[in-house]
Structure formats: structure tokens, C-alpha cells
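Atoms within each ligand, like the ligands themselves, are counted from 1 in listed order.
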Amino acid sequence: MITVEKLTKVYGNGDSAVTVLDNLDFSVQQAEIFAVVGPSGAGKSTLAQCVNLLERPTSGSVIVNGENLSQLTEAQLRAARRRIGTVFQSDGLFSRRTAAENISLPLDYLGVTRADAKKRVGELLERVGLSSHAKHYPHQLSGGQRQRVGIARALALKPTVLLADEATSGLDPASTASITALLKELRTDLGLSILFITHEMETVLQVADSVARLDNGHIVESGRVVDLLRDA
Ligand code: ADP
Ligand code: ADP
């Protein structure tokens with residue numbers, strides 16, 4: 001579960017201070033896909049970076065599974081970051097490594113044995129529907145398939161929360177639909193809390209259980225997607 005409490009981010013100081021996130025409050029339950037949607041400049045990447053621990057909030061908290069990330073030291077942050085799976089717009093794969101090798105990276109990095117890593121990578125490839133593509137290089141995969149590899153890598157260390165930052169934004173509608181279907185499966189099968197950040201309202205309607213609309217650093221509306229659709 002992810003809880004964001006009175007999260008505020010201010011860049012600069014004095015006369016040049018800009019409040020990019022102003023007192024955000026929301027939570028992502030276990031087995032829930034919670035979308036944050038908003039136009040360019042709304043503060044979405046800043047929010048992602050605060051959850052991702054690449055930026056520290058100016059005030060307020062990000063709490064993941066009861067652990068207040070805002071209070072951690074740098075060394076603790078590195079460990080905490082491993083407990084949050086992150087999927088970006090750009091898949092971030094290494095072009096000279098196969099799908100399987102890319103998925104194995106976080107495991108290799110932590111010194112998991114070869115045999116255990118191989119078994120885990122096999123499970124992950126199956127989970128994202130790419131068992132037959134283990135030895136493919138990124139350029140031999142479609143955009144949607146590469147994003148699946150990115151998702152498998154994000155899951156390698158068994159996180160309980162997943163941050164998807166514009167994860168479908170570069171994709172055509174069919175690939176987007178396959179990624180949103182996969183995320184919904186992961187939510188249900190693994191009970192993941194997924195924070196899905198995007199500028200695409202159509203994708204929110206496909207994927208999310210709940211949504212908050214972010215504009216100019218403020219949450220201007222939030223609720224269950226079914227209720228929004230009913231009222232529309
Ligand atoms: P989005 O991802 O929704 O487009 P961002 O989080 O990138 O929004 O940016 C929100 C606002 O914060 C923008 O006005 C942007 O110019 C400003 N901003 C982002 N990063 C910085 C920074 N490092 N210093 C100053 N202003 C920033
Ligand atoms: P290198 O130092 O080999 O360039 P990086 O630190 O840039 O490696 O990480 C390479 C890739 O592996 C990145 O895409 C990153 O997301 C992923 N990665 C590295 N360490 C971890 C980790 N501990 N947990 C999850 N993913 C990781």
C-alpha cells in the first residue's frame with residue numbers, strides 16, 4: 001500500500017520558489033490501480049520522483065507498506081527503492097542484452113545465484129507472456145513487448161508496489177491495451193498496489209480502479225473510476 005500525506009514539493013527558494021506539488025493526499029490500496037492524470041506541467045513527474053525516492057519531498061510523507069520513506073537515510077533509501085518496482089515511458093532496456101538478461105539485472109546486482117536467477121527470470125517471462133522471447137534483443141521486440149520486459153524487470157525483486165510513470169505513453173492503442181490488461185492481471189494475481197501516472201485519460205478509464213486529477217500541483221478531483229463513468 002502507498003500513502004501520500006500532505007506531500008508538498010517546492011523548487012527554489014525566496015522570490016523564485018515554485019510550489020510544484022501542494023499538499024497532496026491520497027492512498028493506493030493493496031490490489032488497486034490508482035491513476036494520477038493531468039496535463040503537462042501538472043506535477044506528475046515530480047510526484048513520480050518523490051514516490052521513486054529520486055526527489056525528497058519539501059514536506060509531507062510518502063509511506064510504503066507502513067514505512068515512511070521521507071525519514072530514511074540515503075543508505076536506507078537505496079534498499080527501499082528496491083521494494084518499489086518502477087516502469088517508465090522509455091523501457092530503459094540495455095540494447096545489447098537479451099530480454100532474459102535485462103530481467104535478470106536486478107537479481108545479478110543483488111548477488112542472487114545463477115540458478116535462482118534463471119528460475120526467477122523464467123517465471124517472470126511467463127508472467128508477462130514472453131517465454132518464447134527470452135533470447136530476443138530489444139530491437140527484435142515490439143514497443144509493447146519491450147515494455148513487458150520492463151515490467152518483468154520491475155517485478156524481479158518481488159515488490160508489493162509498482163510505479164508506472166507514463167508506462168503506455170509511447171505505445172499504439174493495441175499495445176497500450178495489452179499493457180493495461182497485464183497490469184490488471186498483476187494487480188489481481190499478485191495483489192500489487194499500482195500507482196499509474198499518465199496524461200492519457202482514455203488509458204485511465206481502461207486500467208484504473210481510482211483516479212485523482214492533478215492540475216497545477218493540486219488534486220482537483222478524485223474518486224472511483226466507475227463513479228466518474230456513471231456521472232459522465
Ligand atoms: P508534468 O510531469 O506533469 O509535466 P512536472 O512535474 O515535470 O510536470 O513539472 C511541474 C512543474 O514543476 C513545471 O512547472 C516545471 O517547470 C516545474 N519543475 C519541475 N522540475 C523542476 C525543477 N527541478 N526546478 C524548478 N521547477 C521545476
Ligand atoms: P550500471 O551501473 O550497470 O549502468 P544501473 O545502476 O544503471 O547499472 O542499472 C541498470 C539497470 O538495472 C537500470 O535500468 C536499473 O533500473 C536496473 N537496476 C539496477 N539496480 C537495480 C536494483 N537494485 N533493483 C532494481 N533494478 C535495478
Centroid-centroid distance, Phe196 to Phe34, less than 6.0 Å:
no

Atom 15 (C) of ligand 1 protein-contacted, heavy-atom criterion under 4.0 angstrom
no

Transitive ILVMFWY side-chain link Leu47 to Leu53, under 4.5 Å:
yes

Considering heavy atoms of the protein only, find what lies nearest to atom 8 (O) of ligand 1 and give residue, atom and distance to 0.1 Å.
Gly43 N, 3.0 Å

Among all protein heavy atoms in this structure, tell me which lies nearest to atom 4 (O) of ligand 1, with the distance rounded to 0.1 Å.
Gly41 N, 2.6 Å

Of all the atoms in ligand 1, which lie at a distance below 4.0 Å from a heavy atom belonging to Ala42?
1 (P), 3 (O), 8 (O)

Within-cutoff protein neighbour (heavy atom, under 4.0 Å) for atom 6 (O) of ligand 1:
yes

Taking salt bridge (Lys or Arg N to Asp or Glu O under 4.0 Å) as the definition, give me every residue that meets it alongside Glu55, ordered by chain and number, with sequence neighbours left out.
Lys9

Check if Ala48 has a non-hydrogen atom at a distance under 4.0 Å from any atom of ligand 1.
no

With a cut-off of 4.0 Å, which atoms of ligand 1 are near a heavy atom of Pro39?
3 (O)

Atoms in ligand 1 flagged as close to Thr46, the criterion being non-hydrogen separation under 4.0 Å:
5 (P), 6 (O)

Does ligand 1 have any atom sitting under 4.0 Å from a heavy atom of Gly38?
no

Top protein contact for atom 26 (N) of ligand 1, by heavy-atom distance:
Tyr11 CD1, 3.6 Å

So Gln206 and Thr180, side-chain hydrogen bond (donor to acceptor under 3.5 Å, both in side chains) or not? Walk me through it.
CA-CA 7 Å; Gln206 269 178 42; Thr180 57; 2.9 Å; yes

Atom 17 (C) of ligand 1: the protein heavy-atom neighbour that sits closest, reported with distance to 0.1 Å:
Val20 CG2, 3.9 Å

Measure the CD1-CG distance between Ile197 and Asp165 for me, rounded to the nearest 0.5 Å.
5.5 Å

Ser61 to Asn68 - nearest heavy-atom pair and separation:
OG-ND2, 3.4 Å

Return the set of residues passing salt bridge (Lys or Arg N to Asp or Glu O under 4.0 Å) with Glu67 (not counting sequence neighbours), or none when no residue passes.
Arg83

Atom 2 (O) of ligand 1 - nearest protein heavy atom and its distance
Ser45 OG, 2.5 Å

Side-chain donor/acceptor of Thr113 to backbone N/O of Asp116, under 3.5 Å
yes

